[in-house]
2 protein chains.
Amino acid sequence: MKSPPVRGRRQGRSTSRELILASARKLFAERGFTATSLREIARDAGVDPALVHHYFSGKDELFNACVELPADPGEVLADASKTPAAERGEALLRALLTLWDSSAQPALVALLRSATGSTPQSSLVRTVLFKRVLSQVLAGLPGNDDELALRGSLAASTVMGLMMARYLLRIQPLTSATHDELVAWFAPTLQNHLIGPLPDTSNTPARHGPGPESADGVF
Amino acid sequence: MKSPPVRGRRQGRSTSRELILASARKLFAERGFTATSLREIARDAGVDPALVHHYFSGKDELFNACVELPADPGEVLADASKTPAAERGEALLRALLTLWDSSAQPALVALLRSATGSTPQSSLVRTVLFKRVLSQVLAGLPGNDDELALRGSLAASTVMGLMMARYLLRIQPLTSATHDELVAWFAPTLQNHLIGPLPDTSNTPARHGPGPESADGVF
DNA sequence: GTTTTAATTCATCACGTGATGAATTCCTCT
DNA sequence: AGAGGAATTCATCACGTGATGAATTAAAAC
């Protein structure tokens with residue numbers, strides 16, 4: 001028989017706040033922001049829904065607390081930014097993989113998933129993240145602004161593709177590959193994007209991209 | 001003043017079904033499945049919510065109708081699969097870009113967005129899509145199964161990164177680039193993934209991937 | 001030892017959701 | 001002209017959501 005839960009404070013030191021955060025990170029990462037309810041989180045954490053409101057005053061703030069990374073990405077990338085340009089691609093990739101395979105993984109997955117949305121949070125999150133991360137990665141590289149924007153977007157596209165395949169969609173053999181294997185497969189491309197020669201696009205006649213409604217300039 | 005809507009059937013031929021589909025595609029693509037409500041769709045289409053249930057019996061079926069592509073991707077990719085291996089990368093990329101810049105775009109964006117989720121629909125959709133698309137792309141390429149799985153996942157990762165950057169996140173300059181520019185930037189990598197030499201990964205000591213909970217084998 | 005503060009649950013609120021069945025108006029077929 | 005069906009809206013239903021305030025119990029502060 002199930003003992004009815006007692007009211008009031010429990011004995012001993014409480015871990016509820018951490019339990020809630022862990023469950024929230026997990027579920028936000030799995031299902032995304034909107035599709036995850038506070039009550040599911042509370043159920044997963046074995047806690048009353050109202051307790052969530054007690055610690056984090058609402059769903060938005062809970063989410064913010066979730067994506068507040070355990071490790072500062074700027075710090076992690078700082079080392080990579082200091083390596084010589086010839087090895088910047090590999091260094092960047094290794095730093096990112098180490099970060100993503102750390103305890104920060106659920107938060108990062110939640111971030112990436114939410115960044116693909118177009119809610120207010122998403123666009124804020126991705127603007128901030130892209131500006132912070134990319135500006136750091138591109139720091140000190142040669143080239144004018146247009147060229148750097150191109151290089152940055154190529155690198156971002158490659159990294160996003162890898163992270164999505166490995167951590168979100170869990171496509172084999174990328175998911176179970178070692179860092180060394182991934183570096184062997186992706187670092188050359190990344191390196192090329194960052195400081196390699198840009199392909200010739202001199203004959204570019206007409207634009208037929210996806211229309212002008214790409215309003216919010218991320219860069 | 002706003003004229004109160006009349007009840008009953010309107011005069012003339014009705015376009016409501018198409019209006020609903022268009023709004024649904026748009027909103028599903030923008031916000032994702034769960035975050036989009038039938039009432040929003042109906043409002044956007046200028047239609048009573050119950051009409052949505054009349055045409056498509058529920059939300060799930062509406063979504064299915066939405067991602068039922070106007071163009072058959074298999075057909076589009078068939079041509080690319082018939083080009084000689086040396087140009088397969090460029091052909092594939094051009095075929096995909098043409099498809100994504102067609103009227104199928106909202107449906108494809110909805111598909112991609114939903115594929116990043118982990119609801120029942122998502123995993124079904126992505127399993128089917130990956131199996132169909134990838135098997136077609138890899139058809140006739142040399143190599144054993146393991147090698148082809150690796151090549152496929154590398155190519156998928158690159159293509160996904162590009163599609164996310166260009167159509168979901170709308171990162172400049174990828175969003176407004178021409179097909180020729182994108183081909184110049186991405187086709188070499190893709191070509192390498194498909195039939196180029198695979199980098200040496202002979203010294204691969206330890207596995208430290210994201211754990212064994214990568215249960216559902218997409219491949 | 002008493003008071004204050006933190007942790008926890010309960011009961012409830014207003015609201016939006018997806019769904020259903022009936023009512024009304026028009027079109028098409030005979 | 002009349003009958004049957006398709007298109008459209010209305011009035012609901014049960015349910016889940018995020019949020020709030022009060023009640024209860026334990027720990028901390030004094």
Side-chain angles (χ1 to χ4, degrees), chain A residues 1-25 27-28 30-67 110 114 117 119-121, chain B residues 2-25 27-28 30-66 110 114 117 119-121:
Chain A
M1 34 175 139
K2 191 155 143 230
S3 54
V6 274
R7 268 176 99 164
R9 186 173 185 160
R10 299 299 126 79
Q11 294 199 22
R13 150 186 144 284
S14 167
T15 62
S16 304
R17 199 192 141 93
E18 279 67 33
L19 288 177
I20 293 173
L21 261 181
S23 295
R25 284 217 180 85
L27 293 175
F28 280 147
E30 280 175 6
R31 315 220 238 270
F33 180 77
T34 333
T36 305
S37 79
L38 289 181
R39 296 162 131 96
E40 284 177 293
I41 294 172
R43 205 177 311 129
D44 187 274
V47 145
D48 189 277
L51 200 57
V52 178
H53 275 89
H54 176 251
Y55 281 119
F56 314 89
S57 53
K59 196 182 179 183
D60 292 332
E61 202 180 302
L62 209 209
F63 184 79
N64 289 340
C66 280
V67 297
S114 85
T119 62
Q121 304 115 347
Chain B
K2 190 152 143 237
S3 55
V6 272
R7 269 176 99 164
R9 186 172 187 160
R10 299 300 126 79
Q11 296 198 21
R13 152 183 143 286
S14 167
T15 61
S16 304
R17 201 192 137 94
E18 279 66 34
L19 288 178
I20 293 172
L21 260 182
S23 296
R25 283 219 179 86
L27 293 175
F28 279 147
E30 279 177 5
R31 315 218 238 271
F33 179 77
T34 333
T36 305
S37 79
L38 290 182
R39 296 163 132 96
E40 282 175 295
I41 294 172
R43 204 177 311 129
D44 187 273
V47 144
D48 189 277
L51 200 57
V52 179
H53 276 90
H54 175 250
Y55 281 119
F56 315 88
S57 54
K59 196 182 180 183
D60 292 332
E61 203 180 300
L62 208 210
F63 183 79
N64 290 339
C66 280
S114 85
T119 64
Q121 303 112 350

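To find a chain, count down the sequence lines: A is the first, B the second, and so on, and within it residues start at 1.
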Engineer: To the nearest Å, give me how far apart CD (A/Glu18) and C1' (C/dA7) are.
Structural biologist: 13 Å
Engineer: Would you say C/dT8 has OP1 or OP2 under 4.0 Å from some side-chain N or O of A/Ser14?
Structural biologist: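 Checking C/dT8 against A/Ser14, a side-chain N or O does come within under 4.0 Å of OP1 or OP2.
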Engineer: Can a side chain N or O of B/Ser37 be found less than 4.0 Å away from OP1 or OP2 on C/dT17?
Structural biologist: yes
Engineer: Under 4.0 angstrom, heavy atoms only, what part of the nucleic acid is B/Gly12 near: base, sugar-phosphate, or nothing?
Structural biologist: sugar-phosphate
Engineer: Looking at A/Arg13, does any N or O in its side chain come under 4.0 Å of the phosphate oxygens OP1/OP2 on D/dA26?
Structural biologist: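 No, A/Arg13 has no side-chain N/O under 4.0 Å of OP1/OP2 on D/dA26.
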Engineer: In chain order, what residues pass the side chain to side chain contact (heavy atoms under 4.5 Å, CB included) check against B/Arg39, with sequence neighbours excluded?
Structural biologist: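 Side chain to side chain contact (heavy atoms under 4.5 Å, CB included) list for B/Arg39, sorted by chain: B/Ser37, B/Arg43, B/Pro49.
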Engineer: Take the protein atom CG of A/Leu19 and the nucleotide atom P of C/dA7, then report the distance between them rounded to whole Å.
Structural biologist: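 Whole-Å distance recorded here is 13 Å.
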Engineer: Quick one: side chain to side chain contact (heavy atoms under 4.5 Å, CB included) partners of B/Ala22, sequence neighbours excluded?
Structural biologist: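 B/Ala22 satisfies side chain to side chain contact (heavy atoms under 4.5 Å, CB included) with no residue once adjacent residues are dropped.
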Engineer: If you restrict it to nitrogen or oxygen atoms, what contacts under 3.5 Å exist between nucleotides 19-23 of chain C and the protein, and what is each distance?
Structural biologist:
unit_1 : atom_1 : unit_2  : atom_2 : d
C/dA19 : OP2    : B/His53 : NE2    : 2.8
C/dA19 : OP2    : B/Lys59 : N      : 3.2
C/dA19 : O5'    : B/His53 : NE2    : 3.3
C/dA23 : N3     : B/Arg7  : NH2    : 3.3

Engineer: Contact class for A/Thr15 vs. all strands (heavy atom < 4.0 Å): base, sugar-phosphate, or nothing?
Structural biologist: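 Answer is nothing: A/Thr15 stays at 4.0 Å or more from every strand.
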Engineer: Evaluate the side-chain proximity of A/Phe56 to A/Leu21: yes if any heavy-atom separation is below 4.5 Å, no if none is.
Structural biologist: yes
Engineer: To the nearest 0.5 Å, what is the distance between CG (B/Leu19) and CG (B/Asp44)?
Structural biologist: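 If we round to the nearest 0.5 Å, B/Leu19:CG and B/Asp44:CG are 9.5 Å apart.
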Engineer: Take the protein atom CZ of B/Arg31 and the nucleotide atom C1' of C/dT17, then report the distance between them rounded to whole Å.
Structural biologist: 15 Å
Engineer: Would you name the heavy atoms of B/Val52 and B/Ala42 that are closest together and state the gap between them?
Structural biologist: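 Reported closest heavy-atom pair: CG2-CB, 4.1 Å.
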Engineer: For a 4.5 angstrom cut-off between non-hydrogen side-chain atoms, does A/Phe33 reach B/Thr34?
Structural biologist: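 Heavy-atom side-chain distance check fails, nothing below 4.5 Å.
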Engineer: For A/Glu40, enumerate each residue passing the salt bridge (charged side-chain N to carboxylate O under 4.0 Å, His left out) test, keeping only those at least two apart in sequence or located in another chain.
Structural biologist: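 With sequence neighbours excluded, A/Glu40 shows a salt bridge (charged side-chain N to carboxylate O under 4.0 Å, His left out) to A/Arg31, given in chain and number order.
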Engineer: In whole Å, I'd like the distance from the CD atom of B/Glu61 to the P atom of C/dG18.
Structural biologist: 15 Å
Engineer: Could I get a table of every N or O pair under 3.5 Å where one atom is in the protein and the other is in nucleotides 2-6 of chain C?
Structural biologist:
unit_1 : atom_1 : unit_2 : atom_2 : d
C/dA6  : N3     : A/Arg9 : NH1    : 3.1

Engineer: Determine which pairs satisfy side-chain hydrogen bond (donor to acceptor under 3.5 Å, both in side chains) with at least one residue from residues 46-57 of chain B, sequence neighbours left out, and list them in order.
Structural biologist: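 Listed by first then second residue: B/Ser57-B/Glu61.
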Engineer: Please report the interatomic distance CG(A/Leu51) to CD1(A/Ile41), rounded to the nearest 0.5 Å.
Structural biologist: 12.5 Å
Engineer: Please give, in whole Å, the distance from D/dG18 C1' to A/Phe56 CZ?
Structural biologist: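 Interatomic distance, CZ of A/Phe56 to C1' of D/dG18: 16 Å.
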Engineer: What's the CG-C1' distance between A/Asp48 and C/dC10, to the nearest Å?
Structural biologist: 7 Å
